[in-house]
Amino acid sequence: MNKNFQNICFITGVTSKLGTYLVEHFVNLNYYIIGTYNLNDSQAQEILNKYQNILLIKTDQNNVKEFTNNCLDAFKIHGFPKIIINNAAVFINDNFNNFTLENFDYTLNVNLKSCIYLISKVKDFQENFIVINLLDYFDNKLPTRNFFSYGISKSLLFSLTKSLAVTLAPNVRINGVALGPVIRHENQDLSKFNDFAIDNLLKVKLEVNEIIATIDLLVNNHSLTGEVIHLDGGRNLMKNNDYF
């Protein structure tokens with residue numbers, strides 16, 4: 001156990017662009033970080049070189065039981081987290097015409113099943129903790145044409161956030177943050193991304209610092225559970241919820 005740290009924060013997908021910001025934020029708040037990643041060894045090494053108070057686990061959330069066991073092994077040595085942030089996700093552009101069972105299972109395993117299974121095991125060892133699920137702006141209003149598997153997985157995670165808030169109360173608080181476009185993927189056209197990012201009621205682009213401020217609100221406000229806060233400029237209220 002890391003006795004110098006009162007609190008431990010567990011973050012999945014730490015080598016993603018948003019994941020690296022989350023790591024930096026919680027390290028600066030004097031949390032010990034336990035994080036997971038799958039493929040990006042070079043980015044993981046950069047994080048390890050930059051921070052001392054961090055443990056990274058290379059593990060594949062597609063293998064739900066192995067992922068959970070790897071995390072539990074680390075928790076038993078270093079301590080169980082006070083905060084769990086489900087940040088990792090796969091984002092496959094499929095639709096019902098090119099849908100495959102392999103892609104569907106893979107997406108649900110990473111985006112949904114591994115989150116559920118880990119929470120079910122952590123509660124057996126630790127009574128009080130907080131879960132924050134990073135969701136998408138459409139919440140339970142599914143995209144109908146593109147990103148079929150991803151849309152279903154995030155919609156189910158939205159419902160899970162509400163359901164487990166009831167099931168695990170009063171000891172565990174579970175909330176979500178539903179995001180609009182925030183960080184452009186390197187393969188995305190800059191102009192198209194910028195247009196999409198402000199395609200909302202307020203015509204504003206979401207910034208990373210706003211996500212972090214909202215996560216802090218959810219962590220520090222002990223009256224909040226089962227809430228999903230939309231950071232999307234009101235896009236979830238618009239009729240067209242399709243991607244691209």
Side-chain angles (χ1 to χ4, degrees), residues 11-23 35-44 58-64 67 84-116 118 132-161 176-200 205-208 210-211 215 228 230-233 235-236 238 240-244:
I11 305 169
T12 64
V14 293
T15 58
S16 70
K17 288 182 173 63
L18 181 56
T20 59
Y21 285 106
L22 294 173
V23 167
T36 66
Y37 74 102
N38 184 17
L39 298 175
N40 198 337
D41 293 315
S42 60
Q43 182 63 47
K58 184 174 183 178
T59 185
D60 185 358
Q61 286 185 234
N62 186 38
N63 190 327
V64 174
F67 162 80
I84 293 175
I85 301 178
N86 286 313
N87 167 63
V90 292
F91 191 62
I92 299 172
N93 189 358
D94 63 352
N95 56 59
F96 202 68
N97 292 324
N98 64 15
F99 162 85
T100 67
L101 187 60
E102 290 76 16
N103 279 345
F104 188 70
D105 285 341
Y106 174 50
T107 303
L108 261 65
N109 285 342
V110 174
N111 295 2
L112 179 72
K113 293 181 184 178
S114 57
C115 305
I116 300 172
L118 181 65
I132 298 173
N133 294 322
L134 295 187
L135 306 167
D136 217 306
Y137 68 84
F138 54 78
D139 53 59
N140 62 344
K141 296 182 284 293
L142 290 171
T144 55
R145 291 179 293 194
N146 301 309
F147 298 92
F148 176 78
S149 299
Y150 173 82
I152 290 174
S153 70
K154 286 296 186 177
S155 177
L156 289 172
L157 189 58
F158 171 87
S159 298
L160 176 76
T161 301
V177 184
L179 305 178
V182 57
I183 301 174
R184 181 178 69 93
H185 189 275
E186 58 189 13
N187 294 329
Q188 286 180 289
D189 178 85
L190 178 60
S191 178
K192 288 182 179 179
F193 175 79
N194 287 337
D195 289 343
F196 183 61
I198 62 171
D199 183 16
N200 55 60
K205 181 186 176 299
L206 174 62
E207 301 296 340
V208 171
E210 296 171 312
I211 300 172
I215 289 174
V228 174
H230 288 83
L231 298 180
D232 64 353
R235 182 173 173 80
N236 72 95
M238 298 166 65
N240 180 11
N241 280 296
D242 272 327
Y243 274 100
F244 312 124

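All values derive from a computational prediction rather than experimental measurement. The analysis underlying the following values was restricted to heavy atoms, covering all of them including side chains, and did not include hydrogens, waters or symmetry mates.
At a threshold of 4.5 Å between non-hydrogen side-chain atoms, the residues Ile116 and Leu160 count as touching. Two residues are said to be in side-chain contact when any heavy atoms from C-beta on lie closer than 4.5 Å; Val90 and Asn111 meet this criterion. A heavy-atom distance below 4.5 Å is found between the side chains of Ile211 and Val182. Between Phe193 and Lys205, some side-chain heavy-atom pair lies under the 4.5 Å cut-off. Looking only at side-chain heavy atoms (C-beta outward), Phe138 and Asn236 stay at 4.5 Å or farther from each other. Annotation: side chain of Val14 is not in contact with side chain of Leu22 (no heavy-atom distance under 4.5 Å). Within the 4.5 Å cutoff, side-chain heavy atoms of Ile152 are placed close to those of Phe104. Between Asn86 and Ile132 the shortest side-chain heavy-atom distance does not fall below 4.5 Å.
Here the straight-line distance linking atom CG of Asn98 with atom CG of Asn95 works out to 4.0 Å at 0.5 Å rounding. To the nearest 0.5 Å, the span separating NZ on Lys154 from CG on Leu112 amounts to 9.5 Å. If you take CG on Asn109 and CG on Asn62, they are separated by 5.0 Å, rounding to the nearest 0.5 Å. From Gln61, atom CD reaches atom OG1 of Thr36 across 5.0 Å, with rounding to the nearest 0.5 Å. To the nearest 0.5 Å, atoms OG (Ser153) and CZ (Phe148) are separated by 11.0 Å.
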Test Tyr137 against Leu179 for side chain to side chain contact (heavy atoms under 4.5 Å, CB included), laying out the working first.
CA-CA 5 Å; Tyr137 68 84; Leu179 305 178; over 6 Å; no

Does the pair Ser114 and Leu118 meet the rule for a side chain to side chain contact (heavy atoms under 4.5 Å, CB included), with working shown?
CA-CA 6 Å; Ser114 57; Leu118 181 65; over 6 Å; no

Given the rule in the side chain to side chain contact (heavy atoms under 4.5 Å, CB included) test, do Asp232 and Leu206 qualify, once you have shown the distances and angles that lead to the verdict?
CA-CA 7 Å; Asp232 64 353; Leu206 174 62; over 6 Å; no

Test side chain to side chain donor-acceptor pair (under 3.5 Å) applied to Asn38 and Thr59, step by step
CA-CA 5 Å; Asn38 184 17; Thr59 185; over 6 Å; no

Could you walk me through whether Val228 and His230 pass the side chain to side chain contact (heavy atoms under 4.5 Å, CB included) check?
CA-CA 6 Å; Val228 174; His230 288 83; 4.2 Å; yes

Could you walk me through whether Thr107 and Asp105 satisfy the side chain to side chain donor-acceptor pair (under 3.5 Å) test, starting with their C-alpha distance in whole Å, then the side-chain angles of each, then the deciding distance to 0.1 Å, before giving a yes or no?
CA-CA 6 Å; Thr107 303; Asp105 285 341; over 6 Å; no

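Tyr37 and Asp41 form a side-chain donor-acceptor contact under 3.5 Å, judged by distance and modelled atom types alone. Under the 3.5 Å distance criterion, with hydrogens and angles disregarded, no donor-acceptor pair is assigned to the side chains of Thr15 and Gln43. When only modelled atom types and interatomic distance are considered, Thr161 and Asn133 share a side-chain donor-acceptor pair under 3.5 Å.
Looking only at distances, a side-chain donor or acceptor of Arg235 sits under 3.5 Å from a matching main-chain atom of Asp199.
Ring-plane geometry between Phe147 and Tyr150 is classed as perpendicular, the angle between the planes exceeding 60 degrees on a 0 to 90 degree scale with a lower cut at 30.
Ring pair Phe96/Phe99: centre-to-centre distance below 6.0 Å.
By the ring pair (Phe, Tyr, Trp, His ring centres under 6.0 Å) test, Tyr21 pairs with no residue at all, sequence neighbours left out. Remark: Asp94 engages no residue in a salt bridge (Lys or Arg N to Asp or Glu O under 4.0 Å) (not counting sequence neighbours). Legend: residues meeting side chain to side chain contact (heavy atoms under 4.5 Å, CB included) with Lys17, ordered by chain and number and at least two apart, are Ile183.
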